[in-house]
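Per chain, numbering begins at 1; letters A, B, ... match sequence-line order.
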Amino acid sequence: MNYWLVKSEPAAYSWADFTRDGGTDWTGVRNYQARNFLRQMQPGDLVLYYHSVSDKQVVGLAEVAAPAAPDATAPAGTDWVAVRLTPREALPTPVTLARIKQDERLSQVALLRQSRLSVMPLRPAEFDVLLELGAG
DNA sequence: GCCAACGTTGGC
DNA sequence: GCCAACGTTGGC
């Protein structure tokens, strides 16, 4: 079991959109490092859902429902992938970026160290802390 | 609106 | 292969 965090601009595709759809293929990733993480995802892995830009907080918990497969939105001949994600639950208390920054236990998270990466792994301990903070 | 980070593109 | 220019992301 691995743990991940994905980012989305709420204006583009929000947690509300995601839950309304009952899940989605996580398409559109066009960064090699992020793609490599998508490829490592396994069904059942847990994924925190972060709203970037306008919201800047972790808002929900999702799960990998299907492993990496060719991204149908990518041009033919390219090798981008998408995974299927389904929602589990909204966090009772969204975890803000400010809160993350102030918690020593989260000082190494990729979200802080590599702000532009849109798909990233979380250490189990980091995932636990985020869920705990999100529980309120 | 600005700017830092950083990935990509293209000229050489 | 190097590197400057440029575009995008995302925090402030």
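Remark: side-chain polar atoms of A:T19 are paired, donor with acceptor, to backbone N or O of A:A16 under 3.5 angstrom. In this structure, the side chain of A:N2 does not engage the main chain of A:M41 through any donor-acceptor pair within 3.5 Å.
Here the side chains of A:L91 and A:Q57 are not in contact, with every heavy-atom distance at 4.5 Å or above. A:V47 places none of its side-chain heavy atoms less than 4.5 Å from the side chain of A:W26. Taking 4.5 Å as the limit, some side-chain heavy atom of A:L46 sits within range of a side-chain heavy atom of A:L61.
Listed by residue number, the members of residues 106-116 of chain A with any heavy atom below 4.0 angstrom from DNA chain C are A:S115, A:R116.
Summarising the hydrophobic clusters (Ile, Leu, Val, Met, Phe, Trp, Tyr; side-chain heavy atoms under 4.5 Å, direct or chained), the residues clustered with A:W80 are A:Y32.
Put simply, chain A comes within 4.0 Å of DNA chain B, heavy atom to any atom, from B:dA5 to B:dT8, going 5' to 3'.
Look at A:R39 and A:D79 and you find a salt bridge, because one of the NZ, NE, NH1 or NH2 atoms lies within 4.0 Å of a carboxylate O, short of that distance.
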